[in-house]
Amino acid sequence: MLAGKVAVVTAAGSGMGRASAIRLAEDGAAVVVADIDEAAAQGTADAIREAGGRAVPFGVDVSDVGRLREMFDVVDAEFGELHVLFCHAGIPGPAGLDVTEDEYDRVMGINLKSVFFTTSLAMPLLERAERASIVYTASTSGVAGSPSSPIYSMAKGGIVVFAKSVALMHAPRIRANVIAPGPVDTPMLPKFLGRQEPEKAEEILEAWVSGSIPLQRRCRPEEIAEAVLYLASDRSAFVTGIVLPVDGGYLAR
């Protein structure tokens with residue numbers, strides 16, 4: 001359903017972003033693969049090309065507005081319009097409230113500021129498309145709150161309300177929705193849960209999954225990619241302004 005469409009995916013060098021970029025390409029989209037790690041972006045783009053798809057890698061720190069502007073200039077020059085924007089980049093940030101101003105600025109710069117400016121800079125290209133879709137990655141911590149990381153919840157909760165505002169502002173031609181992943185089997189997950197006791201990260205993770213996730217397992221990145229594809233494509237043509245948990249039932253408790 002995405003044949004002839006153009007997608008931009010941030011943090012597409014690994015994990016959920018990589019799986020989503022590959023899945024969008026499998027459905028026919030040409031994908032701009034954006035990541036702070038240029039080699040990782042190139043690796044995802046190569047995987048898409050080897051499978052017969054079209055991909056353009058782009059190295060970008062999403063907290064750098066100037067570099068974001070350069071990326072969308074490339075999208076404009078290469079494609080002239082944009083149909084799918086997947087704002088996925090994010091970091092866990094520190095636990096607790098004893099956070100330095102620099103740490104705070106870094107978390108907000110990557111998790112929240114980048115979402116605003118990525119959307120703002122992409123909007124002229126999205127508006128050129130007949131129909132377009134924006135997907136944002138929040139978290140279950142942006143819906144229910146995190147007992148260990150209020151700064152992360154603060155940023156991810158901001159994404160949820162921002163997406164609803166974009167959905168209202170740009171209907172009916174542009175839809176905006178949010179995915180709220182639970183525990184996804186990526187390298188970031190044990191780092192997130194084990195920030196205070198890194199040596200016990202896997203033990204903490206397994207205890208959380210067994211005690212709090214009704215489906216009793218971690219999510220696979222490819223399962224996130226299927227949710228992204230649903231919201232990005234006309235499969236969800238009458239869906240906008242929602243938060244879609246992909247969390248194994250965590251938020252149903």
query = Can you name the side chain to side chain contact (heavy atoms under 4.5 Å, CB included) partners of D185, sequence neighbours left out?
reply =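 Applying side chain to side chain contact (heavy atoms under 4.5 Å, CB included) to D185 gives R218.
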Between [X] (side chain) and [Y] (backbone), is there a donor-acceptor pair under 3.5 Å?
X: T10; Y: A89; value: yes
X: T240; Y: A176; value: yes
X: S120; Y: F116; value: no
X: N177; Y: V239; value: yes
X: K113; Y: S63; value: yes
X: S153; Y: S141; value: yes
X: D37; Y: A40; value: yes
X: S210; Y: A207; value: yes
X: H88; Y: T137; value: no
X: S149; Y: A95; value: no

Indicate yes or no: at least one non-hydrogen side-chain atom of [X] is less than 4.5 angstrom from one of [Y].
X: I134; Y: I174; answer: yes
X: P221; Y: T186; answer: yes
X: H170; Y: R175; answer: no
X: V107; Y: P94; answer: yes
X: I36; Y: V60; answer: no
X: Y152; Y: I91; answer: no
X: L229; Y: E26; answer: no
X: V31; Y: V9; answer: yes

request  = May I have all residue pairs that pass side-chain hydrogen bond (donor to acceptor under 3.5 Å, both in side chains) and include part of residues 221-232, sequence neighbours excluded?
outcome  =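 Only R23-E226, R217-E223 qualify under side-chain hydrogen bond (donor to acceptor under 3.5 Å, both in side chains).
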request  = Scan L251, V178, D247 and name whichever one has a side-chain contact (heavy atoms from CB on, under 4.5 Å) with V143.
outcome  = L251
Where do [X] and [Y] come nearest, in terms of heavy atoms and distance?
X: G248; Y: I213; result: O-CG2, 3.7 Å
X: F72; Y: L82; result: CE2-CD2, 4.1 Å
X: A155; Y: L112; result: O-CD1, 3.5 Å

inquiry  = Parallel, tilted or perpendicular: which one describes the rings of Y136 and F162, with boundaries at 30° and 60°?
reply    =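 Ring orientation, 0 to 90° scale: perpendicular.
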R253 to Y250 six-membered ring, cation-pi geometry met (6.0 Å, 45°) =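 So R253 does make the cation-pi contact.
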ask   = Under 6.0 Å from the CE atom of M154, do we count more than 12 heavy atoms belonging to anything else shown?
value =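 No, because the 6.0 Å sphere around CE of M154 holds 12 heavy atoms or fewer from other groups.
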key: Euclidean distance, D234 CG relative to S236 OG, rounded to 0.5 Å   =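 Result: 7.5 Å between the selected atoms.
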Pairs touching residues 60-79 that satisfy salt bridge (charged side-chain N to carboxylate O under 4.0 Å, His left out), sequence neighbours left out =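 The answer is R54-E78, R67-E70, D76-R128.
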